[in-house]
Amino acid sequence: MEQQLIIYNTLSRKKEPFKPINEGKAGMYVCGPTVYGDGHLGHARPAITFDILFRYLQHLGYKVRYVRNITDVGHLEHDADDGEDKIAKKARIDSLEPMEVVQYYLNRYHKAMERLNVLPPSIEPHASGHIIEQIEYIKKILDAGYAYISEGSVYFDVEKYSRKYHYGKLSGRNIDELLNTTRELDGQQEKRNSFDFALWKKASPEHIMRWPSPWSDGFPGWHLECSVMGTKYLGEEFDIHGGGMDLMFPHHECEIAQSVAAQGKETVHYWMHNNMVTINGQKMGKSLGNFITLDQFFTGTHPLLSQSFTPMTIRFFILQAHYRSTLDFSSEALVAAEKAYQRLCQGLENLSKITPSDKTTAEISGLRQRCYEAMNDDLSTPIVISHLFDAVKQINTTLSGTTTISAEDIKELKETFSIFMFNILGLTLENESTTTGNKAYEEALDLVLQLRQEAKGRKDWSTADLIRNRLTEIGFEIKDTKEGAEWKLVK
RNA sequence: GGUACCUUAGCCGAGUGGUUAGGCGCCGGUCUGCAAAACCGUCUACAGCAGUUCGAAUCUGCUAGGUACCUCCA
């Protein structure tokens with residue numbers, strides 16, 4: 001069936017049909033993490049959002065190259081008076097090599113992404129590995145006349161650029177208002193205008209992350225790496241650039257300016273921005289210190305968490321909101337997501353228990369098509385999920401004997417779940433290690449439950465309840481089914 | 001201060017100019033010795049005011065509240 005994916009382009013502020021530059025191929029670049037701390041829930045949002053896009057483009061048959069960078073140099077920190085960058089600062093505190101810090105947090109980031117079932121990108125370039133390319137890129141901007149050298153640093157000449165091009169087209173700003181609203185920053189006196197941004201920054205003597213360049217020993221500016229690595233791996237023009245909304249200005253605005261200055265044309269055709277995760281209505285972020293790390297979710301070790309949450313609950317929670325909406329976190333909302341996800345999984349499991357009928361009376365027709373329509377409409381994962389829940393209802397109703405489903409339609413349902421729940425939404429069934437383990441331990445539990453069954457047989461309710469209550473206290477969940485008692489370890 | 005965006009039932013969250021989003025929770029029911037689990041049913045909202053319209057929660061204006069960006073930030 002013909003599918004036309006529609007995506008929202010921040011540049012036009014409209015939903016647009018996705019038309020790739022090269023037929024059958026798609027190039028996407030997403031701003032990855034700065035690896036100087038553990039990933040938190042906010043980091044999971046773009047990772048999962050663009051994982052969905054990556055998966056869906058592939059599902060639609062595109063050959064996709066997905067580049068997600070690792071920022072391990074260059075982000076200036078305001079509270080460091082000499083422009084020391086974040087990686088170096090953390091390293092000093094911990095008495096570690098900067099690259100040791102990078103590797104440590106990168107490993108942890110990868111681990112968390114894997115648990116969230118976020119596919120690794122095609123290429124994961126490090127900024128520190130592309131210093132030469134960044135220097136070359138700066139030279140191009142200098143040659144084009146849109147940058148100037150000052151005290152060993154190189155700055156982008158925004159004022160000059162804006163005479164010919166629109167600086168602010170992505171974020172909806174104009175230069176006059178920037179003049180009045182840009183705050184005082186370090187190194188201001190070196191710049192012609194306060195809104196000029198650094199392409200290359202001279203390192204102060206104590207700055208340990210530094211590279212030689214024609215201008216000084218120093219490090220590349222804030223926004224350069226994405227322009228450079230994006231074009232290096234995806235070409236001077238490529239299809240999609242994604243990232244968090246908070247990066248729109250100045251980061252992505254500067255990227256546009258850099259690429260236009262360096263190559264005379266824009267690089268990106270579709271800009272996509274995911275919205276923020278909020279906590280008590282406020283953005284969850286490093287600067288506010290109100291973040292909860294992914295590991296804290298997985299282990300339940302944070303005062304705001306009532307319990308631990310599985311990676312799939314986190315993933316499901318994020319997918320229940322559209323990526324362009326803010327998503328407000330609360331422990332209560334996560335518990336709801338956990339229950340909902342269990343219901344979805346249970347529904348799928350119930351599908352296998354249905355005895356096929358000759359014909360289908362349950363309302364399940366068009367499910368697959370509706371799911372495609374939702375995905376094509378700017379990746380409306382909440383709608384896909386709601387359609388899957390509609391199917392769950394029909395499955396459960398059928399299982400209770402009210403309606404029927406034919407063998408053919410059961411197959412169709414299974415395929416649809418497989419495509420959307422697993423392949424596209426990237427959800428996985430939680431592995432049931434809670435019911436397996438040591439053989440002797442399993443048999444002992446079965447024996448205890450058998451004793452309870454016998455107690456029930458002679459209507460010795462006090463003994464039966466004692467066993468059940470004690471097992472529940474210990475942490476087991478006991479289910480009495482028609483086939484006998486089942487147990488599983490809950491926590 | 002500038003710019004942009006948001007305000008949906010107890011909670012989280014979709015969507016739309018006229019028809020039930022979905023989930024959680026609550027309540028009721030089925031099942032059960034009683035429970036739990038599971039399943040079924042119910043609960044019907046769109047910040048306020050004015051306007052456009054046959055009809056607006058959906059469009060327009062104003063008001064109130066909130067958020068984001070303007071500084072590193074996903």
Should [X] be listed as having a side-chain N or O under 4.0 Å from OP1 or OP2 of [N]?
| X | N | value |
| --- | --- | --- |
| A/Lys286 | B/rA74 | yes |
| A/Asn396 | B/rC40 | yes |
| A/Lys283 | B/rA74 | no |
| A/Lys456 | B/rC34 | no |
| A/Arg343 | B/rC39 | yes |

Using whole Å, report how far [atom1] of [X] lies from [atom2] of [N].
| X | N | atom1 | atom2 | answer |
| --- | --- | --- | --- | --- |
| A/Lys459 | B/rU32 | NZ | P | 12 Å |
| A/Asp460 | B/rG33 | CG | C1' | 12 Å |
| A/Glu363 | B/rG22 | CD | P | 12 Å |
| A/Ile314 | B/rA74 | CD1 | P | 18 Å |
| A/His223 | B/rC69 | NE2 | P | 15 Å |
| A/Lys393 | B/rA38 | NZ | C1' | 15 Å |
| A/Asp196 | B/rU71 | CG | P | 13 Å |
| A/Glu349 | B/rC39 | CD | P | 11 Å |

With RNA chain B as reference, determine whether A/Asn350 or A/Leu288 sits nearer its 5' end, using the nearest nucleotide of each. A/Asn350
Pick the nucleotide of RNA chain B nearest each of A/Ser171 and A/His387; which residue has the one closer to the 5' end? A/Ser171
Would you mind classifying the nucleic acid contact of [X] as base, sugar-phosphate or nothing, using non-hydrogen atoms under 4.0 angstrom?
| X | answer |
| --- | --- |
| A/Met276 | base |
| A/Asp390 | sugar-phosphate |
| A/Val335 | nothing |
| A/Leu247 | sugar-phosphate |
| A/Gly42 | base |

Output yes if the stacking criterion (under 5.5 Å between centres, under 30° between planes) is met for A/Phe389 over the base of B/rG23, else no. no
Determine whether a donor-acceptor pair (N or O, by modelled atom type, separation under 3.5 Å) exists between the side chain of A/Asn290 and the backbone of A/Lys283. yes
Checking the side chain of A/Glu253 only, and the main-chain atoms of A/Leu170 only, is there a donor and an acceptor separated by less than 3.5 Å? yes
Tell me if the aromatic rings of [X] and [Y] count as close, with their centers under 6.0 Å from one another.
| X | Y | result |
| --- | --- | --- |
| A/His223 | A/Phe197 | yes |
| A/Tyr233 | A/Phe238 | no |
| A/Phe291 | A/His302 | no |
| A/Phe422 | A/Phe417 | no |

Any chance you could measure A/Ser325, atom OG, to A/Asp328, atom CG, to the nearest 0.5 Å? 12.0 Å
Once you round to the nearest 0.5 Å, how far does CG of A/Leu425 lie from OH of A/Tyr56? 11.0 Å
Give me the distance, rounded to whole Å, that separates [N] from [M] when you measure between the [atom1] atoms they each carry.
| N | M | atom1 | result |
| --- | --- | --- | --- |
| B/rG55 | B/rG51 | C1' | 15 Å |
| B/rG23 | B/rC43 | P | 14 Å |
| B/rG15 | B/rG29 | P | 37 Å |
| B/rU42 | B/rC27 | C1' | 8 Å |
| B/rG41 | B/rG48 | P | 31 Å |
| B/rU58 | B/rG2 | C1' | 29 Å |
| B/rU60 | B/rA21 | C1' | 27 Å |
| B/rC62 | B/rU71 | C1' | 34 Å |

Sort by first number and list every stem of RNA chain B: at least 3 consecutive Watson-Crick or G-U wobble pairs, both distances under 3.5 Å. B:1-7 with B:64-70, B:10-12 with B:22-24, B:27-30 with B:38-41, B:47-51 with B:59-63
Within the 4.0 Å limit for protein heavy atoms, which parts of nucleotides 7-18 of chain B are touched? Write it as a string from 5' to 3', B for base, S for sugar-phosphate only, - for none. ----SSSS----
A/Gln346-A/Asn350 side chain donor-acceptor pair, cut-off 3.5 Å: yes
Ignoring the backbone of [X], work out which of [options] is nearest its side chain.
| X | options | value |
| --- | --- | --- |
| A/Lys479 | B/rA37, B/rU67, B/rA35 | B/rA37 |
| A/Ser386 | B/rG33, B/rA74, B/rA21 | B/rA21 |
| A/Arg173 | B/rG2, B/rG33, B/rA38 | B/rG2 |
| A/His43 | B/rC39, B/rA68, B/rA74 | B/rA74 |

I'd like to know if A/Arg468 reaches the base of B/rC34 with its side chain such that a donor and an acceptor end up less than 3.5 angstrom apart. yes
A/Asp446, A/Asp480, A/Asp460 screened by salt bridge (charged side-chain N to carboxylate O under 4.0 Å, His left out) with A/Arg452, the one that passes: A/Asp480
Enclosure of A/Glu454 CD (heavy-atom neighbours >12, cutoff 6.0 Å): yes
Taking NZ in A/Lys14 as the centre, count heavy atoms belonging to other residues, nucleotides or ligands within less than 6.0 Å. Is the count above 12? no
